[in-house]
Visitor: 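There's a structure below that I have some questions on.
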Protein chains: 2
Amino acid sequence: MGRVRYLEIAEALRAAILSGDYPVGAQLPSESDLAARWSASRGTVRQAVATLASEGLIGSRQGARRIVLRQERRHSFGELNSFAQWAEGVGHEVRSRFLSRTRRPATAEEAERLALAPGTEILAVLRLRLLDGEPTMVERTAYADWVAAAVEAMEPDCRSVMDGLAAGSAIVAHYGEHLIDALAAGSEDARLLGIRRGSPLLRQRHVSATNTGRPIEWSDDRYLAGSVTFSVSNSAVATPLERHAGDR
Amino acid sequence: MGRVRYLEIAEALRAAILSGDYPVGAQLPSESDLAARWSASRGTVRQAVATLASEGLIGSRQGARRIVLRQERRHSFGELNSFAQWAEGVGHEVRSRFLSRTRRPATAEEAERLALAPGTEILAVLRLRLLDGEPTMVERTAYADWVAAAVEAMEPDCRSVMDGLAAGSAIVAHYGEHLIDALAAGSEDARLLGIRRGSPLLRQRHVSATNTGRPIEWSDDRYLAGSVTFSVSNSAVATPLERHAGDR
DNA sequence: GGAGCCAACTTGTTCAGACAAGTGATTGCC
DNA sequence: GGCAATCACTTGTCTGAACAAGTTGGCTCC
């Protein structure tokens with residue numbers, strides 16, 4: 001039980017939706033009903049339902065009762081930023097190995113993404129990730145200079161670098177930005193994943209940052225086609241997903 | 001401008017960030033400063049900054065001033081849901097043609113996604129989209145029975161079906177869900193896009209719904225690799241993006 | 001000079017009340 | 001029967017106040 005009232009209410013409503021008490025399309029109780037039932041103010045209830053709305057679970061229109069849009073469990077921030085945390089949360093077995101770990105000057109793009117001076121030395125890591133024993137993803141990550149030492153100290157078969165940083169150095173990711181596109185497998189990708197060159201891959205490039213906005217890592221993850229799908233829900237009031245033109 | 005105070009404030013702050021008055025990493029004025037400057041209550045200011053936070057522009061931690069995370073313009077809901085609206089917004093020329101438009105019973109998945117009884121007759125549409133004259137995307141859409149007539153009435157070279165529905169029938173999308181993955185081009189995809197079979201494609205499947213939660217369309221859009229990138233920003237408090245395991 | 005403490009500042013949470021604006025159903029008129 | 005006005009209900013916006021909790025920088029003391 002959190003001591004935070006609105007999260008308590010949000011959690012109870014979320015549980016009620018997931019359990020089917022309020023099926024998709026059903027109306028939620030009115031704000032005043034909920035306020036009375038929880039003996040909270042209307043503002044607190046509004047904060048609770050706003051949380052669920054931002055998760056895409058419910059929708060609302062002025063004048064009409066809130067309705068249930070989806071009936072699904074929500075992933076946490078950690079499950080999106082850490083491949084290992086996600087895989088374990090969904091019940092898959094994950095293995096991975098550092099194939100190479102070298103220090104080198106940052107490329108122009110890496111310096112830009114990591115907010116470092118051009119040419120600063122970063123730690124470049126190449127890893128192959130296995131999901132339930134199958135090669136699934138090739139990960140090429142550039143770690144900022146100030147976390148490089150901590151990453152280098154980790155075991156070669158370390159399951160989650162981000163978990164390790166959080167545990168060992170109290171460095172925790174709070175913000176992320178993700179770029180998703182498709183591309184053909186290069187020769188290294190193909191060799192590692194055991195597929196032919198030119199096979200389709202789903203690429204997720206992402207940067208993670210601390211709560212002060214300081215970038216930690218910039219990563220290029222390439223998934224075997226068909227192995228994973230990304231999903232986003234949006235609404236007229238909250239549009240987290242964007243489309244950009246590529247270079248071609 | 002808008003008679004809604006908090007949107008006014010949010011807009012002004014957004015403009016200040018985009019124009020560089022507050023560069024990335026800079027601190028925003030405190031809530032009380034802003035409240036005084038706009039002669040608004042602190043609650044209204046908080047609603048304004050919450051808007052920017054949900055857009056990923058700024059971050060906040062209890063006790064410390066809010067900081068600027070990004071410096072980018074935000075897309076609207078319409079620009080994500082309508083290919084034509086997006087393309088025009090970023091200054092590209094878009095063309096498209098209905099290659100086929102046929103009524104047929106919904107498949108199991110289509111009925112599920114559109115919340116229709118199994119076997120209900122839907123309108124299946126196949127379209128090829130050109131960006132600046134280049135074939136870029138193949139779109140296969142199933143329109144729910146109750147909008148089928150309105151879609152059939154449209155011109156064969158209609159640029160935006162969603163715009164047409166909004167203008168002609170006052171049917172407006174308010175909610176959406178998007179599934180993104182990669183796959184190899186099938187023979188029809190390859191012929192339409194002018195590429196070889198097996199070439200990588202970026203697939204975006206999405207369902208659009210009205211403000212009452214009623215699904216309008218379920219679409220399977222396949223982009224040429226390299227032509228577009230999707231982006232999402234997230235934080236520990238707002239995680240709109242999810243990863244799911246595929247069938248393989 | 002360095003370590004630890006403290007005080008000012010800032011964001012997070014909650015409350016109670018008020019009015020604006022949109023929705024849905026009922027009512028009454030033609 | 002159909003149509004329009006009305007009304008109760010519900011969500012959206014805004015205010016002002018209070019206390020909790022985290023951050024930061026300066027100060028004192030050693």
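Every chain is numbered from 1 and lettered A, B, ... according to where its sequence line falls, protein lines coming before strand lines.
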Visitor: In the structure I gave you, are the side-chain heavy atoms of B:Asn234 and A:Asn81 within less than 4.5 Å of one another anywhere?
Guide: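 Yes - at least one pair of side-chain heavy atoms lies under 4.5 Å apart.
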
Visitor: What's the CG-P distance between A:Leu34 and D:dT10, to the nearest Å?
Guide: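 So the CG-P distance, A:Leu34 to D:dT10, works out to 11 Å.
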
Visitor: Closer than 4.0 Å, any side-chain N/O of A:Ser60 to the OP1 or OP2 of D:dG12?
Guide: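 So the side-chain polar atoms of A:Ser60 do come within 4.0 Å of the phosphate oxygens OP1 or OP2 of D:dG12, strictly under.
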
Visitor: Indicate yes or no for a side-chain donor-acceptor contact from B:Arg205 to the backbone of B:Asp220 under 3.5 Å, with no hydrogens or angles considered.
Guide: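 No, because the side chain of B:Arg205 does not come within donor-acceptor range (under 3.5 Å) of the backbone of B:Asp220.
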
Visitor: Look at all strands and tell whether B:Arg61 reaches a base, only sugar-phosphate, or nothing, counting heavy atoms closer than 4.0 Å.
Guide: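 Sugar-phosphate contact only.
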
Visitor: Does B:Arg66 reach a base, just sugar-phosphate, or nothing at all? Heavy atoms under 4.0 Å.
Guide: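 Counting heavy atoms under 4.0 Å across all strands, the contact made by B:Arg66 is with sugar-phosphate only.
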
Visitor: In whole angstrom, what separates B:Gln47's CD from D:dT11's C1'?
Guide: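 In whole Å, D:dT11 C1' and B:Gln47 CD are 12 Å from each other.
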
Visitor: Figure out the CH2/P separation between B:Trp38 and D:dT15, and round it to whole Å.
Guide: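 Distance, rounded to whole Å: 13 Å.
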
Visitor: Ignoring hydrogens and angles, tell me if any N or O in the side chain of B:Arg70 forms a donor-acceptor pair with the backbone of B:Glu55 under 3.5 Å.
Guide: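 Between the backbone of B:Glu55 and the side chain of B:Arg70 there is a qualifying donor-acceptor contact (under 3.5 Å).
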
Visitor: Round to a whole Å and report the spacing from OH of B:Tyr6 to C1' of D:dT15.
Guide: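 Computing the B:Tyr6:OH to D:dT15:C1' distance gives 16 Å.
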
Visitor: May I have the distance from A:Asn211 (atom CG) to D:dT23 (atom P), rounded to whole angstrom?
Guide: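 My rounded result for the distance is 7 Å.
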
Visitor: Could you walk me through whether A:Thr120 and A:Asp145 pass the side chain to side chain donor-acceptor pair (under 3.5 Å) check?
Guide: CA-CA 7 Å; A:Thr120 308; A:Asp145 52 350; 5.3 Å; no

Visitor: Using whole Å, what does the distance between atom P of nucleotide D:dC19 and atom CZ of A:Arg5 come to?
Guide: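 Rounded to the whole Å, the gap is 19 Å.
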
Visitor: How is A:Arg42 classified with respect to the nucleic acid when contacts are heavy atoms under 4.0 Å: base, sugar-phosphate, or nothing?
Guide: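 The residue A:Arg42 makes base contact.
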
Visitor: Can you confirm if the NZ or CZ of A:Arg127 lies within 45° of the ring axis of A:Phe98 and under 6.0 Å from the centre of its six-membered ring?
Guide: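 Yes, A:Arg127 lies over the aromatic ring of A:Phe98.
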
Visitor: Counting side-chain heavy atoms from C-beta on, which of D:dT24, D:dA20, D:dT10 comes nearest to B:Gln62?
Guide: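 The nucleotide sitting nearest to the side chain is D:dA20.
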
Visitor: With a 4.0 angstrom cut-off to heavy atoms of chain A, pull out the first and last contacting nucleotide of DNA chain C, in 5'-to-3' order.
Guide: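 Nucleotide range with atoms under 4.0 Å of chain A: C:dT13 to C:dG24.
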
Visitor: Mapping B:Glu31 and B:Thr212 to their closest nucleotides on DNA chain C, which lands nearer the 5' end?
Guide: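 Mapping each residue to its closest nucleotide by heavy atoms, the 5'-most match is B:Glu31.
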
Visitor: Between A:Ser41 and B:Leu28, just flag the one whose closest nucleotide in DNA chain C comes earlier from the 5' side.
Guide: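 Nearest-nucleotide comparison on DNA chain C picks B:Leu28.
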
Visitor: Is there a side-chain contact between B:Asp221 and B:His206 in this structure, where contact means two heavy atoms from C-beta onward sitting under 4.5 Å apart?
Guide: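 A side-chain contact exists here, since the closest heavy-atom pair is under 4.5 Å.
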
Visitor: Hey, does the side chain of A:Arg243 reach the backbone of B:Glu79 with a donor-acceptor pair shorter than 3.5 angstrom?
Guide: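 Looks like yes, one N/O pair under 3.5 Å.
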
